Amino acid sequence: MNKVLVCRGASGRIVEVEAYVGAVDPASHAYRGKTQRNETMFGPPGHLYVYFTYGMHWCANAVCDEEGVGTAVLLRALAPIDGCEAMRRRRPKARRPIDLCSGPAKLCQALGIAGQDDCADLVDSEGGIQIFDSGTPPPTSPGQSRRIGLSKGVEWPWRWFVEGDPNLSRQGSGEAAGSHPTASSASKIT
DNA sequence: TCTGCGATAATA
DNA sequence: ATTATCGCAGAC
């Protein structure tokens, strides 16, 4: 969350991520071992793992662990920095700025990321895609919650986000990291 | 503003 | 059958 993603004339600060942890994580594409689709996840770190889902959406991850492990971080939301014109062209359905990158498939569409970018190197930017340290320190106390949209592995609180950022895929902090609802769930009522 | 549902096709 | 989602329609 101190990182910036740059791609095809647009950029944004990464404000929301989820971890998918190889063989121990039933929600991870890597859980059942290497296949043609998830091959990039098992490759060297610093590359982009791009997958197609729900018959229409692309989503992107940064591969994070050593070759052969299969751990990656799903990029779930960006705070747009530059290239809002280009992003709006690629996402005509976005009405407001916060509709541009407030979701894993939205940000891919906004930045023009699709299957052709699977396995792109994020460090040397040869493929036109780059993730670099913005110099802005990450939040001292980032928000944390359970991951979104899963039916397996729901108990692991492996979603992190910049608390209060308007570009999150879901507003607010989600639920507390613990296994049970806490007093925080009641705060919404008052 | 909020909720529920349908789209749409690769994957295992 | 399931899916690491999104956007529309309808209720309020």
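Quick caveat: nothing in here was measured; it's all calculated off a predicted structure. Proteins come first, then strands; the chains are lettered A, B, ... in the order of their sequence lines, and each starts at number 1.
Between A:Val73 and A:Ala94, the residue whose closest nucleotide on DNA chain C is further toward the 5' end is A:Val73.
Of the listed nucleotides (B:dA12, C:dC8, C:dT5), C:dC8 has the atom at the smallest distance from the side chain of A:Lys93. Comparing C:dG7, B:dA12, C:dA4 by their closest approach to the side chain of A:Asn61 singles out C:dA4. Relative to the side chain of A:Ala105, the nucleotides C:dT5, B:dA12, C:dA4 differ in distance, and C:dT5 lies closest. Closest to the side chain of A:Met56, out of C:dG7, C:dA4, B:dT8, is B:dT8.
Spacing between atom CZ of A:Arg170 and atom P of B:dC2 amounts to 13 Å, rounded to whole angstrom units. The distance between atom CZ of A:Phe52 and atom P of B:dT11, rounded to the nearest whole Å, is 9 Å. For the pair A:Gln171 CD and B:dT3 P, the computed distance is 14 Å after rounding to whole Å. The distance between atom CZ of A:Arg147 and atom P of C:dT3, rounded to the nearest whole Å, is 13 Å. Atom NE2 of A:His57 and atom P of C:dG7 are 7 Å apart (whole Å). In this structure, CG of A:Leu100 is placed 14 Å from C1' of C:dC6, rounded to the nearest angstrom. When rounded to the nearest whole Å, the span between CD1 of A:Ile98 and P of C:dG7 equals 12 Å. Nucleotide B:dA12 holds its P atom 14 Å from the NZ atom of A:Lys34, rounded to whole Å.
When each of A:Tyr20, A:Tyr49, A:Tyr51 is paired with A:His29, the side chain to side chain donor-acceptor pair (under 3.5 Å) condition holds for A:Tyr49 and for no other. Of the residues listed (A:Val73, A:Ile131, A:Val4, A:Leu107), the one engaging A:Ile14 in a side chain to side chain contact (heavy atoms under 4.5 Å, CB included) is A:Ile131, and it is the only one.
The closest side-chain heavy-atom distance from A:Val50 to A:Ile113 is below 4.5 Å.
Look at C:dA4: it lacks any Watson-Crick or wobble partner with both distances under 3.5 angstrom. Under the Watson-Crick and G-U wobble criteria, each requiring two contacts below 3.5 Å, nucleotide B:dT8 is left unpaired.
For B:dT11, the OP1/OP2 oxygens have no side-chain nitrogen or oxygen of A:His29 closer than 4.0 Å. For A:Arg91, a side-chain nitrogen or oxygen approaches OP1 or OP2 of C:dG7 to under 4.0 Å. For the OP1/OP2 pair of B:dA9 and a distance below 4.0 Å, the side-chain nitrogens and oxygens of A:Thr53 include no atom meeting the criterion. Checking the phosphate oxygens (OP1, OP2) of C:dA4, no side-chain nitrogen or oxygen of A:Arg159 falls inside 4.0 Å.
Applying the 5.5 angstrom centroid cut-off and the 30 degree plane-angle cut-off, the aromatic ring of A:Tyr54 is stacked upon the base of C:dT3.
Remark: the backbone N or O of A:Val162 is not paired with any side-chain donor or acceptor of A:Asp165 at under 3.5 angstrom.
Counting non-hydrogen atoms under 4.0 angstrom, A:Leu74 reaches a base of the nucleic acid. Using a 4.0 Å heavy-atom cutoff across all strands shown, A:Ser151 reaches sugar-phosphate atoms only and no base atom.
Checked by atom type, the side-chain pair A:Arg90/A:Gln109 shows no donor-acceptor distance below 3.5 Å. In this model, no donor atom of one side chain and acceptor atom of the other lie less than 3.5 Å apart for A:Ser134 and A:Asn2.
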